[in-house]
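Everything below concerns the one structure shown next.
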Amino acid sequence: MEYRRLGKSGLKVSALSFGAWVTFAQQMSEEEAGACMTAAYDAGGNFFDNAEAYARGKAEEVMGRVLKRTGWKRETYIVSSKVFWGGDTANEEGLSRKHVIEACHAALRRLQVDYLDLYFCHRPDPNTPIEETVLAMGDLVRQGKVLYWGTSEWEGKDIAEAARLAREWHVAPPQMEQPQYNLFERHKVEVDYAPLYDSIGLGTTIWSPLASGLLTGKYNTGVPKGSRLDMPSYEWLRKNLEKTLQDGRAQKVEKLGRLAAEVGVALPAFALAWCLKNPHVSTVITGASRAAQVTENFKALDAVVKLTDDVMKRVEQILA
Ligand code: NDP
């Protein structure tokens with residue numbers, strides 16, 4: 001495993017990590033979730049990603065029980081939560097001081113840990129001033145309940161503003177973003193956040209590196225039984241992704257598959273290795289519905305050398 005600094009912080013995060021969205025407490029059993037986490041940990045993965053929204057808190061409960069059962073030393077792993085979608089009443093949503101603090105306490109209980117290594121604002125909240133959220137996060141850091149805080153899918157200018165306020169008030173600034181990043185979704189990581197890597201030392205923990213499975217090629221000939229897009233509760237995702245396939249992504253995935261085969265790499269590993277090539281990516285959060293996928297995906301680091309300058313150029317031509 002390779003360990004990368006989370007931006008300019010001192011925290012070292014495994015280049016490949018593992019997250020709980022869709023799968024934990026929904027698509028797979030607790031036993032399989034444990035097997036996935038163990039496969040990731042045994043391969044050197046040290047970061048497990050979660051959120052209050054995943055299966056309405058149940059994903060964190062599963063992860064907490066697995067962490068407890070395995071007995072892994074707390075120093076050897078990093079665990080996260082995200083705040084935004086916590087429930088249906090007026091103050092269980094968003095980034096108000098009240099919800100940021102209450103959601104943190106609830107996540108600590110569900111994950112059965114004393115502190116969150118990483119705590120993300122899951123989306124920007126137009127109904128809360130950034131100042132309020134920055135101060136609430138600063139307090140959690142000062143109390144030792146959160147070690148590093150960050151954002152997910154915020155605009156670069158808002159992250160810069162949060163960092164400016166934090167510096168002015170001597171409270172902990174945002175340290176990392178969690179954007180979508182893969183062969184098809186590049187703007188935030190490559191353009192919007194570009195000035196922030198140097199100016200505030202932003203790290204990135206990127207999500208959906210396989211575009212929910214699209215970049216494995218499995219959806220090019222329909223929706224396989226038991227796959228993510230076959231889940232009735234994710235029909236909205238199936239509709240979105242099927243539209244992008246019709247709009248030209250299917251042909252691109254096919255061409256990428258041929259290029260991957262030519263360089264002797266399976267397409268999932270190729271797509272993950274492409275993400276790993278970007279030095280501004282601190283960690284690629286992988287997802288899996290079974291442990292065998294984790295084992296396969298964590299081999300992507302070996303594929304990075306195969307993505308030479310020439311191969312990277314050909315990828316650009318395919319995506320153009
Ligand atoms: P991916 O895009 O990598 O999709 C993962 C899914 O693809 C798996 O569950 C599996 O689905 C399929 N898959 C993975 N590996 C393989 C393989 N080798 N062969 C065939 N199929 C494979 O990542 P996710 O979308 O799961 O995102 C990763 C993590 O990022 C999440 O768990 C979460 O922690 C985080 N995230 C954060 C978001 C945010 O807003 N901050 C939003 C979304 C995710 P199946 O077997 O069902 O086909």
Side-chain angles (χ1 to χ4, degrees), residues 19-28 30 33 48-68 79-155 158-159 161-162 165-166 171-172 174 176-180 205 207-208 228 231-240 285 287:
W21 183 52
V22 181
T23 52
F24 279 46
Q26 284 182 296
Q27 197 182 5
M28 61 184 175
E30 187 157 330
F48 299 103
D49 185 61
N50 222 316
E52 63 169 348
Y54 297 171
R56 293 178 82 90
K58 290 205 165 51
E60 290 181 334
E61 287 173 5
V62 169
M63 192 172 273
R65 285 194 292 271
V66 172
L67 290 172
K68 191 113 198 165
V79 67
S80 74
S81 182
K82 307 185 202 83
V83 49
F84 197 94
W85 295 285
D88 301 326
T89 69
N91 284 309
E92 286 177 291
E93 191 174 288
L95 300 178
S96 69
R97 178 177 190 81
K98 179 169 170 66
H99 187 53
V100 165
I101 306 276
E102 288 176 349
C104 175
H105 291 164
L108 292 173
R109 275 196 302 274
R110 288 190 294 259
L111 287 163
Q112 303 188 54
V113 291
D114 298 327
Y115 58 90
L116 299 171
D117 300 276
L118 309 181
Y119 191 37
F120 295 88
C121 301
H122 210 154
R123 287 294 179 270
D125 179 3
N127 298 313
T128 303
I130 289 179
E131 290 87 328
E132 182 173 332
T133 304
V134 169
L135 288 175
M137 284 292 185
D139 284 348
L140 287 172
V141 172
R142 213 170 355 228
Q143 291 165 9
K145 291 173 185 165
V146 166
L147 303 191
Y148 301 87
W149 77 274
T151 55
S152 179
E153 297 289 335
W154 278 32
E155 285 187 31
D158 292 334
I159 300 170
E161 173 64 0
L165 291 167
V171 301
M176 68 284 170
E177 228 303 313
Q178 187 166 127
Q180 182 174 184
T205 67
W207 62 267
S208 285
R228 178 176 295 185
M231 294 170 69
S233 48
Y234 286 85
E235 203 189 333
W236 59 272
L237 187 65
R238 181 166 60 79
K239 282 192 178 143
N240 284 350
I285 312 178

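Heavy-atom basis, side chains included; hydrogens, waters and symmetry copies ignored.
- Listed by first and then second residue, the salt bridge (charged side-chain N to carboxylate O under 4.0 Å, His left out) pairs that reach into residues 130-152 are Arg97-Asp139, Asp139-Arg142, sequence neighbours excluded.
- Proximity of Val113 to Leu108: side-chain heavy atoms (C-beta onward) are separated by under 4.5 Å at one or more points.
- The shortest non-hydrogen separation linking Val62 to Ala33 is CG1-CB, 3.9 Å.
- In this structure, Gln26 and Tyr54 have side chains that are not in contact, with every pair of non-hydrogen atoms separated by 4.5 Å or more.
- Within the structure, the side chain to side chain donor-acceptor pair (under 3.5 Å) test picks out the following pairs touching residues 113-122 (sequence neighbours left out): Arg74-Asp117.
- Every side-chain contact (heavy atoms from CB on, under 4.5 Å) that Asp158 has, sequence neighbours left out, goes to Ile130, Trp154, Glu155.
- Counting heavy atoms from C-beta outward, Val79 and Gln112 have side chains that stay 4.5 Å or more apart.
- Residues Leu95 and Val83 form a side-chain contact, since some pair of their non-hydrogen atoms from C-beta on lies under 4.5 Å apart.
- The backbone N or O of Ala172 lies less than 3.5 Å from a partner atom in the side chain of Trp149, making a donor-acceptor pair.
- Residues meeting the salt bridge (charged side-chain N to carboxylate O under 4.0 Å, His left out) test with Glu153, sequence neighbours left out: Lys188.
- Put simply, the side chain of His99 does not reach to within 4.5 Å of the side chain of Asn91, judged on heavy atoms.
- With sequence neighbours excluded, the residues forming a side-chain contact (heavy atoms from CB on, under 4.5 Å) with Lys58 are Ala25, Ala55, Glu61, listed by chain and number.
- For the atom pair CG (Leu118) and CG (Leu147), the distance works out to 8.0 Å, reported to the nearest 0.5 Å.
- To the nearest 0.5 Å, atom CZ of residue Arg65 and atom CG of residue Leu111 are 11.0 Å apart.
- Using a 4.5 Å heavy-atom cutoff, the side chains of Met137 and Val100 are in contact.
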Should Phe84 and Ser152 be marked as a side chain to side chain contact (heavy atoms under 4.5 Å, CB included) after you check the CA-CA gap, both sets of side-chain angles, and the distance that decides it? CA-CA 10 Å; Phe84 197 94; Ser152 179; over 6 Å; no
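- Under the side chain to side chain donor-acceptor pair (under 3.5 Å) criterion, Ser80 pairs with Asp49, sequence neighbours left out.
- Partners of Tyr148 under the side chain to side chain donor-acceptor pair (under 3.5 Å) rule, at least two apart in sequence or in another chain, do not exist in this structure.
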Trace of the side chain to side chain contact (heavy atoms under 4.5 Å, CB included) decision for Val171 with Val134: CA-CA 8 Å; Val171 301; Val134 169; 3.9 Å; yes
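- Under the salt bridge (charged side-chain N to carboxylate O under 4.0 Å, His left out) criterion, Lys98 pairs with Glu102, sequence neighbours left out.
- Partners of Gln27 by side chain to side chain donor-acceptor pair (under 3.5 Å), not counting sequence neighbours: none found.
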Would you please test Ile101 and Leu140 for side chain to side chain contact (heavy atoms under 4.5 Å, CB included) and show each step? CA-CA 7 Å; Ile101 306 276; Leu140 287 172; 4.0 Å; yes
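- Proximity of Gln178 to Ile285: side-chain heavy atoms (C-beta onward) are separated by under 4.5 Å at one or more points.
- The nearest pair of heavy atoms linking Glu52 to Ser81 is N-OG, 3.7 Å.
- Closest non-hydrogen pair, Gly87 versus Arg56, comes out as CA-NH2, 4.4 Å.
- Between Trp21 and Ser208 the shortest heavy-atom distance is CZ3-OG, 4.2 Å.
- Proximity of a side-chain donor or acceptor of Glu93 to a complementary backbone N or O of Trp85 within less than 3.5 Å is not detected.
- Take Arg123 and apply the salt bridge (charged side-chain N to carboxylate O under 4.0 Å, His left out) test, not counting sequence neighbours, and it matches no residue.
- Qualifying ring pair (Phe, Tyr, Trp, His ring centres under 6.0 Å) partners for Phe120, counting only residues two or more places apart in sequence or in other chains: none.
- Residues meeting the side chain to side chain donor-acceptor pair (under 3.5 Å) test with Asn127, sequence neighbours left out: none.
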